[in-house]
Number of protein chains: 2
Amino acid sequence: MSATQIDAVTLDGAGPLYDQIRRAVRDLILAGTWPPGTAVPPEHALMEKLGASRMTVHRALAQLAREGLILRRRRSGTIVASPPASHAMLDILSIPQEVRELGQAYSYRILQRRDGKAPRELSDRFELGRSATIAHLTLLHFAGGAPHVLEDRVIHLATIPQAADESFAETPPGDWLLQNSLWTQAEHAISAIAAEPHEAELLKIDAAAPCLLVERRTWNQAEPITAVRLLYPGGRHRFVGRFGPYGAV
Amino acid sequence: MSATQIDAVTLDGAGPLYDQIRRAVRDLILAGTWPPGTAVPPEHALMEKLGASRMTVHRALAQLAREGLILRRRRSGTIVASPPASHAMLDILSIPQEVRELGQAYSYRILQRRDGKAPRELSDRFELGRSATIAHLTLLHFAGGAPHVLEDRVIHLATIPQAADESFAETPPGDWLLQNSLWTQAEHAISAIAAEPHEAELLKIDAAAPCLLVERRTWNQAEPITAVRLLYPGGRHRFVGRFGPYGAV
DNA sequence: CCTTTTTATTTGCATATGCAAATCTCGCTT
DNA sequence: AAGCGAGATTTGCATATGCAAATAAAAAGG
């Protein structure tokens, strides 16, 4: 396996050697060519293949290890790390996990699903480009039997075609996507709005009660993956993040 | 100046040498011993003082440079960097800046100020410890003449005694604190609430309209600096953050 | 067969050395 | 005085070398 995969490492000649090596390996990981768990060639192999000294190769890999892209252990070697499940700041990527961390039982129900060409309203709202083929889902998540959050999701089927054949009966789409796609960019927007009457009814809150609206979109490189609109009853939820001026602590 | 300051760099003998050096320098910066702009001793000076090789010193400083704590230029030397003004994720540290980036004129008004022992309600709300001496300010920020955000702030005078003599007539307390204090930790909490009647009146919005509540607390090491409660009219505001799985992009 | 010991591989750390690039300083020339 | 050029200082990069620590795999012993 290592004989074939090492040929994928190619330098672009731009900038310092250690940085070329760092980017070459990083790009193979981000492109999915080396999925999590893959063995990265040992330093001496990269050294021969690339004609660099071990210290230079080491410098590149040590930096990737600090950034969390790879895991290194003496004698065992280096493997590609799994993307961190959660992020320091305001990251609620998995609703089941979020609910269980509150010590409550989790369940969910799919209210509606419709696949096909995106109507203009949706493609505009999510900036997906006109006439994109999408899966459109509406779900309600429960914490201990009570409504927790209302989810409105669009999945871009050109990027994730497998999603068309997935029922999401076992795993809600957010978690399924985390496992079945690779994202490199995400955007969060948080705002406060009053619930619409039908939304208030589903969430079992007063009509026009204040709600926290989280809109998240994710991409792999330039390809849109998914866009989601999460509506949380305002009184019950707060998003907390802790950090320092030089990055997450 | 370099002769005196270099003696401040002392190693603790724990862990790899390059990391001891890295932490020693970092701690001097975070403690404020070397404020922004201070010249960090050149590599050869640290090398002699610490008995390490230049490569080892270089490794420590190069890492601090990557982290943004110091700025390095050939021949000019190394200086302590100013803390980054803004942060990738949901960081609205300066309201004047935030308003001006929207292309609107900024102004503010102090509604109330009271200094002294914190009443229980405030010390509890901000977890400042009973009987802390504080400055308590309420202000309203305007964007283009219209109310933008309502601010309710507590400053811990034991940590920032200069704040007692500052009128905040020129600079609102948030920005003043950014310039006059050094923070190492911050905590954000975001939630949605309905405005209280008097708040709605000040912000000129409908009573009980949904609002975004941002509560932020900052510390230097373990010392609390300030706690603030920012109430944004919900319809007009969203907080957006963009990032990748391995950190801000 | 199971356990212990040895060996080999791989990463981690530190040093010494050399050269290159940037740029500040100073002195020289006009 | 102004501009130019040479030299000095400081960081950046890369190499070669050696040893140490961790640990997987193989060998030895019961």
Side-chain angles (χ1 to χ4, degrees), chain A residues 1-3 5-6 9-26 29 34 37-81, chain B residues 1-3 5-6 9-26 29 34 37-81:
Chain A
M1 74 175 180
S2 52
Q5 71 167 349
I6 199 173
V9 185
T10 56
L11 306 183
D12 60 9
L17 184 52
Y18 83 92
D19 205 54
Q20 294 181 48
I21 300 173
R22 199 196 107 246
R23 283 181 288 112
V25 173
R26 185 201 61 185
I29 294 171
W34 290 355
T38 307
V40 175
E43 292 180 356
H44 71 85
L46 287 169
M47 179 182 155
E48 285 191 10
K49 156 84 167 117
L50 303 173
S53 76
R54 186 166 86 86
M55 280 306 289
T56 303
V57 172
H58 181 75
R59 189 170 169 182
L61 296 181
Q63 195 167 328
L64 286 174
R66 260 197 311 272
E67 294 168 9
L69 289 223
I70 58 178
L71 298 172
R72 317 197 74 196
R73 276 173 67 206
R74 282 161 168 161
R75 163 78 219 215
S76 313
T78 303
I79 60 168
V80 177
Chain B
M1 74 175 177
S2 54
Q5 71 169 346
I6 198 172
V9 185
T10 56
L11 306 182
D12 59 8
L17 183 53
Y18 81 91
D19 205 55
Q20 294 181 47
I21 300 173
R22 199 196 106 246
R23 283 182 287 111
V25 173
R26 184 201 62 186
I29 294 172
W34 290 355
T38 307
V40 176
E43 293 182 353
H44 73 86
L46 287 168
M47 181 181 152
E48 285 190 10
K49 155 84 166 117
L50 303 172
S53 76
R54 186 167 83 90
M55 281 306 289
T56 302
V57 172
H58 181 76
R59 190 171 170 179
L61 296 182
Q63 195 166 327
L64 287 174
R66 261 196 310 276
E67 294 168 10
L69 289 211
I70 58 178
L71 297 174
R72 315 198 75 198
R73 276 172 68 204
R74 283 163 168 156
R75 165 76 219 221
S76 314
T78 303
I79 60 168
V80 176

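Chain letters run A, B, ... following the sequence lines, proteins first and then strands; every chain starts at 1.
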Between C1' of C/dA14 and NE2 of A/His58, the distance in whole Å: 11 Å
Closest listed nucleotide, where the reference is the side chain of A/Arg75 and the choices are D/dA22, D/dC13, D/dT17: D/dA22
Length of the line joining A/Arg22:CZ and D/dA14:C1', which is rounded to integer Å: 17 Å
Whole angstrom value for the distance that separates P of C/dT11 from CZ of A/Arg59: 18 Å
d(CG, B/Leu71; C1', D/dT10) in whole Å: 15 Å
Separation of D/dT17 P from A/Glu43 CD (nearest whole Å): 17 Å
Residue-phosphate contact under 4.0 Å: A/Arg72 side-chain N/O, C/dT10 OP1/OP2: no
Sugar-phosphate, base or nothing in reach of A/Gly51, heavy atoms under 4.0 Å: sugar-phosphate
Minimum side-chain heavy-atom gap A/Leu50-A/Thr56 below 4.5 Å: no
B/Val40 backbone acceptor or donor facing B/Gln5 side chain under 3.5 Å: no
Close side-chain approach of B/Leu64 and B/Glu67, heavy atoms under 4.5 Å: yes
Nearest to side-chain heavy atoms of A/Tyr18, which nucleotide of C/dT10, D/dA14, C/dC13: D/dA14
From C/dA16, D/dG12, D/dT15, nucleotide with atom closest to B/Ser53 side chain: C/dA16
Check: D/dT11 base within 3.5 Å donor-acceptor of B/Arg74 side chain: yes
Touch class at under 4.0 angstrom, heavy-atom based, for B/Arg73 against every strand present: sugar-phosphate
Along DNA chain C (nearest heavy atom to each residue), the more 5'-positioned of B/Ala52 and A/Ser76: A/Ser76
Rounded interatomic separation in angstrom, taking CG from A/Asp19 and C1' from D/dA14: 14 Å
Between P of D/dA14 and CE of A/Met47, the distance in whole Å: 15 Å
Distance (rounded to the nearest 0.5 Å) between A/Gln63 CD and A/Arg26 CZ: 10.5 Å
Minimum-distance nucleotide (side-chain atoms of A/Arg54 versus D/dG12, C/dT11, D/dA16): C/dT11
B/Thr56, nearest nucleotide to its side chain (from C/dT11, C/dA14, D/dC13): C/dA14
Length of the CG-P vector between B/Leu17 and D/dC19, whole Å: 19 Å
Steps toward side-chain contact (heavy atoms from CB on, under 4.5 Å) verdict (A/Val9, A/Trp34): CA-CA 11 Å; A/Val9 185; A/Trp34 290 355; 3.6 Å; yes
Selected nucleotide, minimal atom distance to A/Thr78 side chain, candidates C/dG18, D/dA14, C/dT11: C/dT11
